[in-house]
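Structure first, then comments.
For this chain, numbers begin at 1 and follow the sequence in order. Atom set for the values below is all heavy atoms of this structure, side chains included, hydrogens, waters and symmetry mates excluded.
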Amino acid sequence: MSNLSSAERPLLCAVLALAWLYLSADLAVMSQGLDGTLYAGIAKLMAAGQGSFWAPPHFESQLTAFHDHPPLGLWLQSQWFALLGDAFWVEKTYSLCLGILICWLLARLWRVLSQQSNAWWPLLIFLLMPVTTYAIKNNTLETLLTVFSLAAVLAAWYAHQHIWLNILVGVLCFAAVMVKGPVALFILGVPGCFAVLLQNNWQRALVASAIATIVLAGLFVVTLSMDGAQQSWQQYYQSQLLASISGQRLIEHGRGYQAAQLAYNLLVAAVLVGLAAWFSRVAKPSREFWAMLIIGCSAALPLLISPRQYQHYLLPSMPLFALAAALLVKVPAPRRSGTWLRRAPIWLRRSSAWPWWVTASVLLLAVSRTVFHFGDLGDHEEDLADAFAVGKYVGQANPPVTSVGFCENDLRRRVYLFRHFGVRSTITPQAASSLTASPQKDTAVLVCPDKRVGADYQQVAVLNDGWVLWRRSI
């Protein structure tokens with residue numbers, strides 16, 4: 001912030017403070033998206049020494065390892081758990097720190113692309129896109145993927161002056177692939193895109209992208225020589241890539257949903273740019289604009305190959321679209337705070353401290369909201385309460401219980417049980433058709449709707465939504 005003017009600093013701080021105010025309650029409560037809760041549970045057990053890098057522990061007791069994603073993102077989060085412990089707020093602070101890092105990388109990219117320092121403008125566009133805050137607050141792997149991809153784009157920008165920096169682009173692309181798989185491969189086209197659009201040099205484009213690709217391939221070959229790596233990638237290919245593209249995995253949202261989500265988020269950017277263009281009367285597409293737009297499309301559109309979609313998949317493309325939108329209409333940096341309040345009272349126009357007072361007030365509200373909601377159960381109050389009831393009972397059970405059976409595949413309760421108590425679960429014969437492995441027939445503890453179990457089980461506790469905790473009679 002040392003290079004910002006006195007009028008730009010409070011604007012940047014105000015945008016970030018407002019974002020924190022919006023996210024403060026969600027980051028303070030225990031409720032979280034299903035995927036992020038699962039990743040936190042895996043990271044917690046990895047930090048405790050369970051599983052391995054290539055075989056993270058699975059919440060399903062019938063499966064030995066979690067191969068739905070490459071392991072780097074889970075392993076990095078486990079290091080955060082090893083550092084801070086296993087409290088519910090650990091993954092929240094992890095997500096928040098990654099969000100801050102994304103904002104810093106976006107601001108840095110804006111500085112080199114536009115040669116302007118008013119980074120509050122692209123940050124405002126980025127943070128107002130609904131996908132952004134949804135993905136960050138729910139501990140998605142896309143948040144870490146976005147960090148690596150933005151760092152790679154920044155490295156590719158500097159590489160059009162120092163071509164060997166494309167080695168770093170290849171390394172960052174490899175790291176991104178190790179987090180989320182082939183969706184990160186759009187990074188390989190970034191150096192070529194910059195070389196063609198900014199330098200009109202096709203030969204340099206081929207060389208730059210070739211360097212990054214060779215580095216990626218070399219690292220991948222080295223990785224495959226490690227113990228467990230080939231099996232991990234093979235399981236990932238079969239259970240995630242092939243199953244998702246072929247439609248074998250559950251399709252909750254399809255391509256039409258994802259296209260609508262992309263259009264909705266881009267509409268937010270379009271409205272902001274339209275308002276800025278109306279006020280400034282200037283909208284000029286530059287080469288940098290086209291570069292960011294093309295790279296953003298390369299990050300978003302290939303996702304539609306799969307029929308299985310969720311909105312947070314779009315996060316890596318959002319900062320790129322935000323940069324493109326901000327480059328289309330460059331909001332001029334204010335020279336002094338008074339120019340923004342020409343019709344305000346004279347005492348307010350003469351005061352240079354009012355922007356900081358406003359920002360400080362927003363920060364105070366954000367802190368107050370965080371403290372007020374800290375530790376609340378949040379949106380999933382009943383599911384969390386049930387998970388805690390089951391987890392506490394299992395922890396005190398004698399003889400010990402290693403797995404809990406569910407008569408229905410209630411993923412949210414199962415994942416919360418796994419995250420907070422490290423208890424794995426399985427689906428009982430009543431709902432085991434989706435499992436390839438045979439279910440346990442002698443599960444000691446069951447969570448089922450009332451009157452769904454045999455006479456050899458006795459009721460332990462009544463849960464929410466008609467569910468009951470049962471224990472087999474000894």
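Nearest heavy atom pair, residue Val169 against residue Ile187, reads CG1-CG2, 3.9 Å. When all heavy atoms of Leu150 and Leu109 are compared, the pair lying nearest together is CD2-CD1, 3.8 Å. Contact record, Ala444 with Tyr457: O-CE2, 3.8 Å, taken as the closest heavy-atom pair. Minimum heavy-atom separation, Leu165 to Ala155: CB-O, 4.2 Å. The nearest pair of heavy atoms linking Ser31 to Lys92 is O-NZ, 2.8 Å. The minimum heavy-atom distance between Phe321 and Cys297, with the atom names listed, is CZ-N, 3.6 Å.
Aromatic ring orientation, Tyr310 versus His253: perpendicular (interplanar angle above 60°, classes split at 30° and 60°). Between Phe53 and Trp75, the ring-plane angle classifies as perpendicular under the 30° and 60° cut-offs. Ring-plane geometry between Phe374 and Phe88 is classed as tilted, the angle between the planes lying from 30 to 60 degrees on a 0 to 90 degree scale.
Looking at Arg369, its side chain does come within 3.5 Å of a backbone N or O of Leu21 through a donor-acceptor pair. The backbone N or O of Thr140 lies less than 3.5 Å from no partner atom in the side chain of Asn138, so there is not a single donor-acceptor pair. Side chain of Trp290 to backbone of Leu197: no donor-acceptor contact under 3.5 angstrom is found. In this structure, the side chain of Asn265 engages the main chain of Val131 through a donor-acceptor pair within 3.5 Å. Ser298 places no side-chain N or O within donor-acceptor distance of the main-chain N or O of Phe186, the cut-off being under 3.5 Å. In terms of modelled atom types and a separation under 3.5 Å, the side chain of Ser244 and the main chain of Leu241 share no donor-acceptor contact. Judged by distance alone, with hydrogens and angles left aside, the side-chain atoms of Ser306 form no donor-acceptor pair with the main-chain N or O of Leu303 at under 3.5 Å. In this structure a side-chain-to-backbone donor-acceptor pair under 3.5 Å is present from Ser149 to Leu145. A donor-acceptor contact shorter than 3.5 Å links the side chain of Arg308 to the backbone of Leu250. Without hydrogens or angle criteria, Thr132 side chain to Phe126 main chain gives a donor-acceptor distance under 3.5 Å.
By the salt bridge (Lys or Arg N to Asp or Glu O under 4.0 Å) test, Arg413 pairs with Asp383, Asp386, Asp410, Asp465, sequence neighbours left out. Under the salt bridge (Lys or Arg N to Asp or Glu O under 4.0 Å) criterion, Lys137 pairs with Asp26, sequence neighbours left out.
Side chains of Gln77 and Asn139: a donor on one and an acceptor on the other come within 3.5 Å. Arg414 and Ser425 form a side-chain donor-acceptor contact under 3.5 Å, judged by distance and modelled atom types alone. No hydrogens or angles considered: a donor-acceptor pair under 3.5 Å links the side chains of Arg249 and Gln240.
No more than 12 heavy-atom neighbours from other residues, nucleotides or ligands sit within 6.0 angstrom of OH on Tyr264. Counting non-hydrogen atoms of other residues, nucleotides and ligands closer than 6.0 Å to CZ of Arg287 gives a total of 12 or fewer. Within 6.0 Å of atom CD in Gln203, 12 or fewer heavy atoms from other residues, nucleotides or ligands are found, so the atom counts as exposed in its surroundings. More than 12 heavy-atom neighbours from other residues, nucleotides or ligands sit within 6.0 angstrom of CD on Gln238. Remark: Phe388 CZ is packed, more than 12 non-hydrogen atoms of other residues, nucleotides or ligands lying under 6.0 Å away. Other residues, nucleotides and ligands place more than 12 heavy atoms under 6.0 Å from the CD atom of Gln199. Residue Tyr158 qualifies as enclosed at atom OH: its count of foreign heavy atoms under 6.0 Å is above 12.
In this structure, the separation between CG on Leu262 and CG on Leu267 is 11.0 Å, given to the nearest 0.5 Å. Atom OG1 of Thr143 is separated from atom CG of Leu101 by 11.0 Å, given to the nearest 0.5 angstrom. We find the OG-CG distance between Ser24 and Leu96 to be 10.5 Å, quoted to the nearest 0.5 Å. The CG atom of Leu45 lies 12.5 Å from the CZ atom of Phe66; values are rounded to the nearest 0.5 Å. Atom CG of Leu446 and atom OG1 of Thr426 lie 10.5 Å apart (nearest 0.5 Å). Atoms CD and CG, from Glu60 and Leu38 in turn, are 11.5 Å apart once rounded to the nearest 0.5 Å.
For the pair Leu76 and Leu144, the minimum side-chain heavy-atom distance is below 4.5 Å. Residues Leu185 and Val177 form a side-chain contact, since some pair of their non-hydrogen atoms from C-beta on lies under 4.5 Å apart. Proximity of Ser114 to Glu288: side-chain heavy atoms (C-beta onward) are nowhere separated by under 4.5 Å. Within the 4.5 Å cutoff, the side chain of Pro57 has heavy atoms near those of the Met46 side chain. The side-chain heavy atoms of Val468 and Cys448, taken from C-beta on, include no pair separated by under 4.5 Å. Residues Leu188 and Ser209 fail the side-chain proximity criterion, which asks for heavy atoms closer than 4.5 Å. Side-chain contact between Val390 and Val423 is absent, with no heavy atoms from C-beta onward closer than 4.5 Å. Inter-residue side-chain proximity for His58 and Phe418 is flagged as unmet; no heavy-atom pair is nearer than 4.5 Å.
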*Audit row: Leu469, Val445, side chain to side chain contact (heavy atoms under 4.5 Å, CB included) steps and yes/no*: CA-CA 7 Å; Leu469 174 62; Val445 175; 3.4 Å; yes
*Where do Phe421 and Tyr416 land on the ring-ring contact (aromatic ring centres under 6.0 Å, His included) test, with the steps shown first?*
CA-CA 8 Å; Phe421 296 93; Tyr416 276 132; over 10 Å; no
*Start with the C-alpha distance between His69 and Tyr39, add both sets of side-chain angles, then the distance that settles ring-ring contact (aromatic ring centres under 6.0 Å, His included), and finish with yes or no.*
CA-CA 10 Å; His69 299 293; Tyr39 304 149; 5.7 Å; yes
*Under the side chain to side chain contact (heavy atoms under 4.5 Å, CB included) criterion, do Leu417 and Phe406 qualify, and how do the steps go?*
CA-CA 12 Å; Leu417 183 64; Phe406 279 74; 4.3 Å; yes
*Determine, step by step, whether Val153 and Phe194 satisfy the side chain to side chain contact (heavy atoms under 4.5 Å, CB included) criterion, reporting the C-alpha distance in whole Å, the side-chain angles of both residues, the deciding distance to 0.1 Å, and the verdict.*
CA-CA 9 Å; Val153 173; Phe194 280 151; 4.0 Å; yes
*From CA spacing to verdict: side chain to side chain contact (heavy atoms under 4.5 Å, CB included), Ile100, Trp104*: CA-CA 6 Å; Ile100 293 171; Trp104 181 85; 5.6 Å; no
*Step by step, would you call Trp233 with Thr223 a side chain to side chain donor-acceptor pair (under 3.5 Å)?*
CA-CA 10 Å; Trp233 281 110; Thr223 300; over 6 Å; no
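A salt bridge is absent between Glu91 and Lys44; no separation between the charged side-chain nitrogens and carboxylate oxygens falls under 4.0 Å. Glu142 and Lys180 are joined by a salt bridge, as a carboxylate oxygen and a charged side-chain nitrogen come within less than 4.0 angstrom of each other.
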